[in-house]
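I have placed the structure first, in the form of structure tokens, so that the comments after it can refer back to it.
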Amino acid sequence: PTTRAVFWAHRDRPRFLLLCRDKAGAGHSPDLVALGTCFGKFTKTQKFRLNVTALDFLAPYAKYKVWVKPGSEQSFLYGNHVLKSGLGRITENTAQYQGVVVYSMADVPLGFGVAAKSTQDCRKVDPMAIVVFHQADVGEYVRSEDTLT
């Protein structure tokens, strides 16, 4: 079977779909609401906001990563920012306001964030200072189950 990847925007929400040609016909259901994986959405001001549904696709290719300590995982999964006291590791040369993927210490991707401090600044800040702003996490599957599309 031939497989190809397709991106398209549906109602300001980019979606990703793997198309596969095979001998089995491609029928569809009249109750079909959406197709593919939603990667995020464009806001009214045309800024792009990543959805947690894109995490499995993007995490392996992330250039900048942050690892949180086991005690801070639950806090992040409840939607809180990452504090310096909960920071396990951070990729070298991460700039301030750079997008990052947040991992557990066991290398399990937990979500997305934005670096509040650069790698160099993280070494000098107070333990209660925010080092990663929360953007999306896998806990959203449970918290926002009805609204994720």
Side-chain angles (χ1 to χ4, degrees), residues 1-20 29 31-149:
T2 307
T3 304
R4 67 182 182 143
V6 177
F7 278 99
W8 82 94
H10 177 65
R11 296 184 188 155
D12 294 329
R13 293 176 187 263
R15 295 188 169 274
F16 174 76
L17 177 67
L18 286 174
L19 296 176
C20 181
S29 167
D31 299 326
L32 184 66
V33 176
L35 188 65
T37 302
C38 182
F39 264 44
K41 72 176 191 174
F42 287 99
T43 64
K44 291 180 182 179
T45 59
Q46 294 303 308
K47 293 193 169 125
F48 186 70
R49 181 144 171 100
L50 272 174
N51 252 1
V52 69
T53 50
L55 182 63
D56 291 335
F57 294 95
L58 300 179
Y61 306 106
K63 185 174 181 181
Y64 300 105
K65 303 174 184 179
V66 169
W67 288 264
V68 294
K69 294 178 181 174
S72 296
E73 285 178 27
Q74 188 172 7
S75 177
F76 181 76
L77 293 176
Y78 277 118
N80 297 318
H81 303 307
V82 178
L83 303 178
K84 166 71 161 62
S85 60
L87 184 67
R89 292 188 324 227
I90 186 169
T91 307
E92 281 297 319
N93 300 324
T94 302
Q96 186 176 22
Y97 306 123
Q98 179 67 52
V100 296
V101 174
V102 179
Y103 284 87
S104 70
M105 292 303 282
D107 283 334
V108 176
L110 300 176
F112 298 113
V114 175
K117 308 274 186 210
S118 67
T119 304
Q120 289 75 22
D121 293 342
C122 285
R123 296 183 179 122
K124 301 180 259 185
V125 297
D126 179 57
M128 296 308 289
I130 296 173
V131 292
V132 176
F133 297 121
H134 177 273
Q135 188 172 23
D137 65 80
V138 293
E140 287 181 36
Y141 282 121
V142 177
R143 292 193 311 272
S144 307
E145 188 175 1
D146 298 334
T147 59
L148 278 178
T149 56

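Sequence positions, counted from 1, serve as the residue numbers for this chain. Every value quoted in this text rests on a predicted model; they were computed, and no experiment measured them.
Environment of OH in Y78: sparse, with no more than 12 heavy atoms of neighbouring residues, nucleotides or ligands closer than 6.0 Å. Within a 6.0 Å radius of CD in Q96, other residues, nucleotides and ligands contribute more than 12 heavy atoms.
Atom NZ of K117 sits about 11.5 Å away from atom CD1 of I90, to the nearest 0.5 Å. The distance from the OG1 atom of T91 to the NZ atom of K63 is 10.5 Å, given to the nearest 0.5 Å. Atoms CG and CZ, on N51 and F39 in that order, are 10.5 Å from each other to the nearest 0.5 Å.
Counting all heavy atoms, side chain and backbone alike, V114 lies closest to V100 at N-CG2, 4.2 Å. Scanning both residues, A116 and I130, for their nearest heavy atoms gives CB-O, 3.5 Å. Residues T94 and A115 share a closest heavy-atom pair of CG2-CB, 4.0 Å. Between V101 and A62, the shortest heavy-atom contact is CG2-CB, 3.5 Å. The two residues V68 and M105 make their nearest non-hydrogen contact at O-CG, 3.2 Å. What you find for G113 and V132 is that their closest heavy atoms are CA-CG1, 4.0 Å.
For F133, the ring-ring contact (aromatic ring centres under 6.0 Å, His included) partners at least two apart in sequence or on another chain are H81. For S118, the side chain to side chain donor-acceptor pair (under 3.5 Å) criterion is met by D121, not counting sequence neighbours. Legend: residues meeting side chain to side chain donor-acceptor pair (under 3.5 Å) with S85, ordered by chain and number and at least two apart, are absent. Residues passing the ring-ring contact (aromatic ring centres under 6.0 Å, His included) test with Y97, sequence neighbours excluded: none.
Side chains of V102 and D137 form no contact here, defined as non-hydrogen atoms less than 4.5 Å apart. V82 has its side chain within reach of V131: a pair of non-hydrogen atoms, C-beta onward, lies under 4.5 Å apart.
Residue pairs meeting the side-chain hydrogen bond (donor to acceptor under 3.5 Å, both in side chains) criterion with at least one partner in residues 39-50, sequence neighbours excluded, are T43-T45. Note on residues 99-115: pairs passing side-chain hydrogen bond (donor to acceptor under 3.5 Å, both in side chains), not counting sequence neighbours, are W67-D107.
Judged by distance alone, the side chain of T119 and the main-chain N or O of E92 form no donor-acceptor pair under 3.5 Å. In terms of modelled atom types and a separation under 3.5 Å, the side chain of S75 and the main chain of S72 share no donor-acceptor contact.
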